[in-house]
Amino acid sequence: MNKKPIILVTNDDGIIAPGIRALIHAMNLLGDVYVVAPNKPQSGVGHAITMDTVLYCDSVKIDNGNQKEWECSGTPVDCVKLAINKILPRKPDICVSGINHGSNSSINIMYSGTISAVIEASIEGIPSIGFSLLDFDWNADFEPSKKYVYRIVKKILYNPIPEKIISLNVNIPNLKKEQIKGIKICRQAGSKWKESFDKRSNPKGRTYYWLVGDFVNLDEKIDTDEWALKNGYVSIVPIQFDLTNYPILNILKSWNFILFFWIHIILNMNIKIYSQCHLF
């Protein structure tokens with residue numbers, strides 16, 4: 001690159017979260033950093049966008065550094081949309097989201113605001129990476145993560161994959177620097193949440209519900225993100241926004257829907273004729 005890359009930084013834990021501050025500090029070593037992030041926690045909002053109310057986006061300065069920052073009243077996806085359309089001087093060279101407080105491995109990406117921001121950037125043709133640390137504590141230690149964040153972003157910035165828009169979901173185990181064994185390129189593990197709702201009452205006697213659940217890993221193979229994280233590796237999973245199930249697509253193409261339509265019509269006609277005959 002002949003000029004410094006423009007790096008868009010966002011997250012779903014909110015602009016003051018320690019995770020995004022660590023990410024900003026790492027990105028300041030690589031380019032011109034623009035931060036557009038939610039003004040409050042937005043975990044679990046997925047790919048939600050704001051359509052029924054106004055959006056506010058105000059310039060702020062949270063801590064030291066050369067970054068330019070805005071806090072947005074909307075979701076992580078709102079932040080990416082506003083950044084690209086209204087705030088940045090040009091399309092960013094890369095979008096990075098996180099560092100999330102907690103895992104976004106396997107099925108968790110379906111609910112993650114962190115990863116939805118990544119997907120939104122990739123829809124706009126921007127290489128994008130979501131980073132998560134497997135520690136939900138607000139005071140989590142993000143120092144071991146910075147090394148891997150820097151290395152992975154630099155690799156994508158200066159070694160782009162030709163004619164491809166790349167999106168990565170990166171999860172980092174909650175270990176000390178010397179305990180992390182390295183990086184594994186993985187696939188997303190098959191998993192689910194076994195969920196239930198606790199039924200409770202507030203002080204005024206009104207019933208409310210609280211979602212609880214246990215994570216269930218259904219895939220113990222060694223090429224998955226869950227295996228890598230369990231065994232001390234940083235996991236990288238390439239992701240995409242095309243949700244087409246291609247094996248099933250080919251099966252559906254073999255179905256003769258026209259034949260099904262006429263069979264349905266004929267069956268209905270026969271039922272009506274049979275019914276009318278029995279009236280007399």
Side-chain angles (χ1 to χ4, degrees), residues 9-23 35-58 60 62 70-83 97-121 123 130-142 169-174 188-219 225-226 229-230 237 239 241 243:
V9 177
T10 190
N11 76 341
D12 72 356
D13 290 316
I15 195 167
I16 66 170
I20 195 173
R21 309 322 301 177
L23 181 57
V35 182
V36 184
N39 61 6
K40 58 184 178 297
Q42 295 278 351
S43 296
V45 300
H47 212 95
I49 56 175
T50 301
M51 299 179 65
D52 58 352
T53 187
V54 298
L55 284 173
Y56 296 97
C57 200
D58 301 312
V60 294
I62 306 298
W70 288 261
E71 61 176 17
C72 174
S73 62
T75 68
V77 173
D78 290 330
C79 292
V80 173
K81 288 179 177 291
L82 273 172
S97 183
I99 301 169
N100 190 65
H101 292 244
S103 172
N104 275 317
S105 61
S106 56
I107 193 63
N108 295 312
I109 66 169
M110 295 299 296
Y111 311 105
S112 170
T114 300
I115 302 303
S116 290
V118 169
I119 294 295
E120 182 62 30
I123 291 171
F131 293 97
S132 303
L133 173 66
L134 274 63
D135 189 343
F136 288 97
D137 192 334
W138 184 261
N139 297 311
D141 180 11
F142 288 95
N169 179 23
V170 180
N171 282 270
I172 302 165
N174 183 23
Q188 178 184 327
S191 63
K192 63 175 291 185
W193 281 93
K194 186 177 181 181
E195 298 169 331
S196 62
F197 287 88
D198 278 353
K199 185 178 180 180
R200 307 176 183 177
S201 297
N202 69 13
K204 295 186 177 181
R206 184 177 181 184
T207 298
Y208 69 94
Y209 299 90
W210 195 273
L211 177 63
V212 295
D214 295 309
F215 177 77
V216 181
N217 183 16
L218 303 172
D219 191 344
D225 51 3
E226 289 297 329
L229 293 164
K230 184 178 179 180
V237 177
I239 57 176
F241 55 83
L243 299 180

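Counting from 1, the numbers follow the sequence of the chain as shown.
No side-chain heavy atom of Asn39 sits less than 4.5 Å from a side-chain heavy atom of Cys57. With contacts defined as side-chain heavy-atom distances shorter than 4.5 Å, the pair Lys192/Asn217 does not qualify. Looking at heavy atoms from C-beta onward, Glu226 lies in side-chain contact with Phe215 at the 4.5 angstrom threshold. Counting heavy atoms from C-beta on, the side chains of Trp193 and Asn108 come closer than 4.5 Å. Side-chain contact check for Thr10 versus Val36: every heavy-atom pair is 4.5 Å or farther apart. No side-chain heavy atom of Ser116 sits less than 4.5 Å from a side-chain heavy atom of Pro76. Put simply, the side chain of Ile15 reaches to within 4.5 Å of the side chain of Val60, judged on heavy atoms. Using a 4.5 Å cut-off on side-chain heavy atoms (C-beta onward), Asp13 and Ser43 make contact.
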Evaluate side chain to side chain donor-acceptor pair (under 3.5 Å) for Asp12 paired with Thr114, printing each intermediate quantity in order.
CA-CA 5 Å; Asp12 72 356; Thr114 300; 3.1 Å; yes
If you apply the rule side chain to side chain donor-acceptor pair (under 3.5 Å), what do you find for Asp225 with Ser105, and how did you get there?
CA-CA 6 Å; Asp225 51 3; Ser105 61; 4.7 Å; no
Could you walk me through whether Thr75 and Gln42 satisfy the side chain to side chain donor-acceptor pair (under 3.5 Å) test, starting with their C-alpha distance in whole Å, then the side-chain angles of each, then the deciding distance to 0.1 Å, before giving a yes or no?
CA-CA 6 Å; Thr75 68; Gln42 295 278 351; 5.9 Å; no
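The environment of Phe197 atom CZ is sparse: at most 12 non-hydrogen atoms of other residues, nucleotides or ligands sit within 6.0 angstrom. Within 6.0 Å of the CD1 atom in Ile16, the count of heavy atoms belonging to other residues, nucleotides or ligands does not exceed 12. The 12-atom threshold is exceeded at NZ of Lys40, counting heavy atoms of other residues, nucleotides or ligands nearer than 6.0 Å.
The only option from Asn169, Ile20, Val118, Ile99 that meets the side-chain contact (heavy atoms from CB on, under 4.5 Å) definition with Phe131 turns out to be Ile99. A side-chain contact (heavy atoms from CB on, under 4.5 Å) with Asn171 is found for one member of Asn104, Asn100, Val237, Ile109 and no other, namely Asn104.
To the nearest 0.5 Å, the span separating CG on Leu133 from OG on Ser103 amounts to 10.0 Å. Remark: Ser73 OG to Asp58 CG distance equals 8.0 Å, nearest 0.5 Å. With rounding to the nearest 0.5 angstrom, the CD1 atom of Ile107 is 12.0 Å from the OG atom of Ser112. The line from OH of Tyr56 to CG of Asp78 is 14.0 Å long, rounded to the nearest 0.5 Å. Atom CZ in Phe241 sits 15.0 Å away from atom CD1 in Ile115 (nearest 0.5 Å).
The salt bridge (charged side-chain N to carboxylate O under 4.0 Å, His left out) check on Asp219 picks up Arg187, with sequence neighbours excluded.
Nearest approach of Ser132 to Gly102, heavy atoms of both residues: CB-O, 3.3 Å.
For the pair Ser106 (side chain) and Ala189 (backbone), a donor-acceptor distance under 3.5 Å is absent. For Arg200 (side chain) and Arg206 (main-chain N/O), no donor-acceptor pair under 3.5 Å exists by modelled atom type. Formation of a donor-acceptor pair under 3.5 Å by the Ser97 side chain with backbone atoms of Gly130 is not found in this model.
Between Trp138 and His101, the ring planes lie parallel to each other; the angle is under 30°, not in the 30° to 60° tilted range.
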